[in-house]
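All ligand and atom numbering here is 1-based and tracks the order in the structure.
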Amino acid sequence: MFRAGFKTLSFGPRCSLSPGLSDCRHHCRKTPTKVRVSDALSGEALGGDVTVQGWVRSVRPQKENLFFHVNDGSSLQSLQVVASSSLNNTFPTFGSAVEVRGVLKKSPHPKQPFELEAEEIEIVGECNPVDFPFKVKKKHSPDYLRQFPHLRCRTNFFSSLLRIRSEATAAIHSYFKEQGFLQIHTPVITSNDCEGAGELFQVEATCPQESEDRNFFSVPAYLTVSGQLHLEVMSGGFSRLYTFGPTFRAENSQSRRHLAEFYMVEAEISFTQSVEDLTKVMEDMFRSATEQVWAQCAEDVDLFHKHVTPGHRETVEAMLKNKFTAISYSDAIDILQRSSEDFVFSTDWGCDLQTEHEKYLVKHCGNLPIFVTDYPYDLKPFYARDNRGHPQHTAAAVDLLVPGVGELCGGSLREERLDLLTARLEAAGLEDTYSWYLDLRRFGSVPHGGFGMGFERYLQCILGIDNIKDVIPFPRFSHSCLL
Ligand code: 4AD
């Protein structure tokens, strides 16, 4: 019978040059091939002498053999290691980090195609399973996992999420590259409040400044709420641009769809004709990224669809199959007013759509994504294009609403007409602050527009995850900044 232990183990044959050594890496061995767990599981290096490194996900001692599973984050499945009892009488514990050398063989068990027959096991990092917050075979809830942001990458739920997040990032970059968009690194520190909502984090040096000037940058500086204005600067010379980076909002919200730090994908397109030029890119990007994630992370996505949100796969498949519909804000208000739902917030024309309204509209439209266009002018920031000539005063702005989440993307055509933009900035007392923005309209202004998509909300949408804090490695929100 095996006994749990924490010391380094070695089981190699005796060295002919140094007979005192049972573990001779210097004279006796060809260097084994290092393989990732995912490669081992696909049969790479079958029959060969290999080394696998990772963390122990389960341990099953039996009379003849010790079975344990090793995972290195490269796949959802772990690799089964079989260690004969003749090797040693100590074995790695659940949670410990190990390096196993052995021969990769076909497994006699139908559940796994290949397994590693151990010849040498090294415990790289011990783990006391009694104190380790995760237990073998126990299904821990996302709420529980959230308490351990420093350890949750060791669970199936969170490692799947991180692989999907990484693939979705790559898929979004691929989409824009294929469509001829140029990536711009917009700044994290900025002196403007793009959305004008005043939800800013100010940036200051912690060390005292030598000069009289109190501000490190000589002007108040903030963490960016959006890269839009910097993209607009560059759209004076490039017709298709995007940026994908962290954005920050000091919203005092604990909601399931708000973070203080989140990632935003933003695109800016020049020479636009209408809002449809934007909605087409939003829809194509959503489809292309989701299809790539589906194809590349099938097992990980399945984990969510089977065990976390059963039935969500069908919802996403319907989103991919059907063309997204579009309704105007005025039509949306009409639908809300005719509904029998008891809304908490007002549904009068001119009111902003709240989450309850957005979710209702999505359900009303067949639980499929919908674009809502032409919002009241006064609801939108200074940059939104005035829909002159419409019966009500609206701006050429558009939001994409999706099942389960509500608003996924927000965008607009930008006001490219100097006189209208000047008048709006003057009315807000912002014409000096944004004199450089007015210059963009003075020197070769073109009709243009763009949008931003909240990346965490995108992940919530495709995976059916209820709480935004479960789709980002280190969630930041009011009264919480762990690690
Ligand atoms: O609608 P928003 O505020 O649009 C802008 O910032 C524009 N300047 C973008 C542009 O046109 N380039 O934000 C865009 C998206 C929202 O639709 C939402 O998905 C996400 O960003 N978002 C948040 N995600 C998580 N936490 C928050 N606090 C968020 N605020 C907005």
Side-chain angles (χ1 to χ4, degrees), residues 172 176 181 184 186 190 192-201 222-235 240-270 272 275 277-279 281-282 285-286 329 352-355 358 362 369-373 375 379-385 395-415 437 448-462 465 467-472 474-478 480:
I172 287 166
F176 282 117
F181 281 72
I184 298 288
T186 50
T190 173
N192 68 62
D193 175 7
C194 171
E195 295 305 289
E199 294 163 335
L200 299 163
F201 291 104
Y222 312 100
L223 295 178
T224 186
V225 295
S226 162
Q228 175 191 325
L229 300 187
H230 298 98
L231 279 188
E232 280 195 70
V233 167
M234 298 304 174
S235 75
R240 300 187 134 215
L241 295 167
Y242 80 103
T243 188
F244 187 172
T247 46
F248 307 85
R249 298 202 182 174
E251 281 167 292
N252 195 8
S253 169
Q254 299 274 346
S255 92
R256 288 164 180 268
R257 44 174 233 158
H258 289 93
L259 290 166
E261 175 182 308
F262 61 98
Y263 276 69
M264 209 199 302
V265 182
E266 296 181 83
E268 200 66 32
I269 304 153
S270 297
T272 44
V275 164
D277 291 334
L278 310 179
T279 57
V281 177
M282 289 187 215
M285 176 187 69
F286 180 92
Y329 168 88
D352 211 353
L353 297 182
Q354 303 294 330
T355 309
E358 293 170 352
V362 168
I370 47 164
F371 292 112
V372 178
T373 64
Y375 281 78
L379 284 182
K380 292 294 164 187
F382 66 89
Y383 56 70
R385 192 175 199 272
V398 54
D399 281 357
L400 173 61
L401 314 183
V402 293
V405 172
E407 183 192 330
L408 175 65
C409 300
S412 72
L413 296 181
R414 320 306 188 191
E415 187 55 81
Y437 191 71
H448 66 288
F451 68 89
M453 177 181 83
F455 183 55
E456 284 72 25
R457 290 195 189 173
Y458 167 73
L459 294 173
Q460 282 188 279
C461 167
I462 62 167
I465 295 179
N467 195 325
I468 197 165
K469 298 171 190 80
D470 298 329
V471 293
I472 187 162
F474 302 101
R476 272 84 180 87
F477 48 98
S478 58
S480 179

**Message:** Tell me the protein heavy atom at minimum distance from atom 17 (O) of ligand 1, and give that distance in Å.
**Reply:** Glu407 OE2, 2.5 Å
**For Met264, atoms of ligand 1 separated by under 4.0 Å from a heavy atom** = 6 (O), 14 (C)
**Message:** Can you tell me how far apart NE2 (His258) and OG (Ser478) are? Round to the nearest 0.5 Å.
**Reply:** 11.0 Å
**Request:** Show which atoms of ligand 1 fall inside a sub-4.0 Å distance from at least one heavy-atom site of Ile468.
**Result:** 25 (C)
**Asked** Which ligand 1 atoms are under 4.0 Å away from a heavy-atom of Gly450?
**Response** 11 (O)
**Message:** Below 3.5 Å, N or O to N or O, backbone or side chain included: is there any such pair between Gly411 and ligand 1?
**Reply:** no
**Message:** So Tyr383 and Glu195, do their side chains get closer than 4.5 Å, heavy atoms only?
**Reply:** yes
**Request:** For Gln228, take its heavy atoms, then give the atoms of ligand 1 lying under 4.0 Å from any of them.
**Result:** 7 (C), 8 (N), 10 (C), 11 (O), 12 (N)
**Request:** Name the orientation class of the two ring planes belonging to Tyr242 and Phe176 (parallel below 30°, tilted from 30 to 60°, perpendicular beyond 60°).
**Result:** parallel
**Asked** For Ser226, is at least one N or O under 3.5 Å away from an N or O on ligand 1?
**Response** yes
**Complete:** the protein heavy atom lying closest to atom 6 (O) of ligand 1 turns out to be Arg249 NH2, 2.8 Å
**Prompt:** Salt bridge or not for Glu268 and Arg414, using N-O below 4.0 Å?
**Reply:** yes
**Prompt:** Of all the atoms in ligand 1, which lie at a distance below 4.0 Å from a heavy atom belonging to Gly454?
**Reply:** 15 (C), 19 (O), 20 (C), 21 (O)
**Request:** Note the single closest protein heavy atom to atom 26 (N) of ligand 1, along with its residue, its atom name and the distance in Å.
**Result:** Leu259 N, 3.0 Å
**Request:** Please write down residue, atom name and distance for the protein heavy atom closest to atom 4 (O) of ligand 1.
**Result:** Glu195 OE1, 3.9 Å
**Asked** Which atoms of ligand 1 are found less than 4.0 Å from any heavy atom of Arg257?
**Response** 25 (C), 26 (N)
**Item:** Approximate separation, where rounding is to 0.5 Å, of Lys469 NZ and Glu456 CD
**Value:** 12.0 Å
**Per atom 15 (C) of ligand 1, closest listed option by heavy atom (Ser412, Gly227, Gly452)** = Gly452
**Message:** If I take atom CZ from residue Phe244 and atom OG1 from residue Thr186, how far apart are they, to the nearest 0.5 angstrom?
**Reply:** 11.5 Å
**Fill in**
A student checking ligand 1 against Tyr383 at a 4.0 Å heavy-atom cut-off should list atoms 7 (C), 8 (N)
**Message:** To check your reading of the model: name the closest protein heavy atom to atom 12 (N) of ligand 1, its residue, and the distance in Å.
**Reply:** Glu266 OE1, 2.7 Å
**Request:** List every atom of ligand 1 that sits less than 4.0 Å from any heavy atom of Cys409, numbering the atoms from 1 in the order shown and giving each element.
**Result:** 17 (O)
**Asked** If you measure every N/O of His258 against every N/O of ligand 1, is any gap under 3.5 Å?
**Response** no
**Request:** May I ask you to identify, for Leu408, whether its side chain, its backbone, both or neither come under 4.0 Å of ligand 1 on a heavy-atom basis?
**Result:** backbone
**Request:** Please work out whether any backbone atom (N, CA, C, O) or any side-chain heavy atom from C-beta onward of Arg414 is under 4.0 Å from ligand 1, and answer side chain, backbone, both or neither.
**Result:** side chain
**Prompt:** Just how far is it from atom CG of Asn192 to atom OH of Tyr222, taken to the nearest 0.5 Å?
**Reply:** 9.5 Å
**Prompt:** Looking only at N/O atoms, are Glu268 and ligand 1 under 3.5 Å apart anywhere?
**Reply:** no
**Any N or O of Phe262 closer than 3.5 Å to N or O of ligand 1** = no
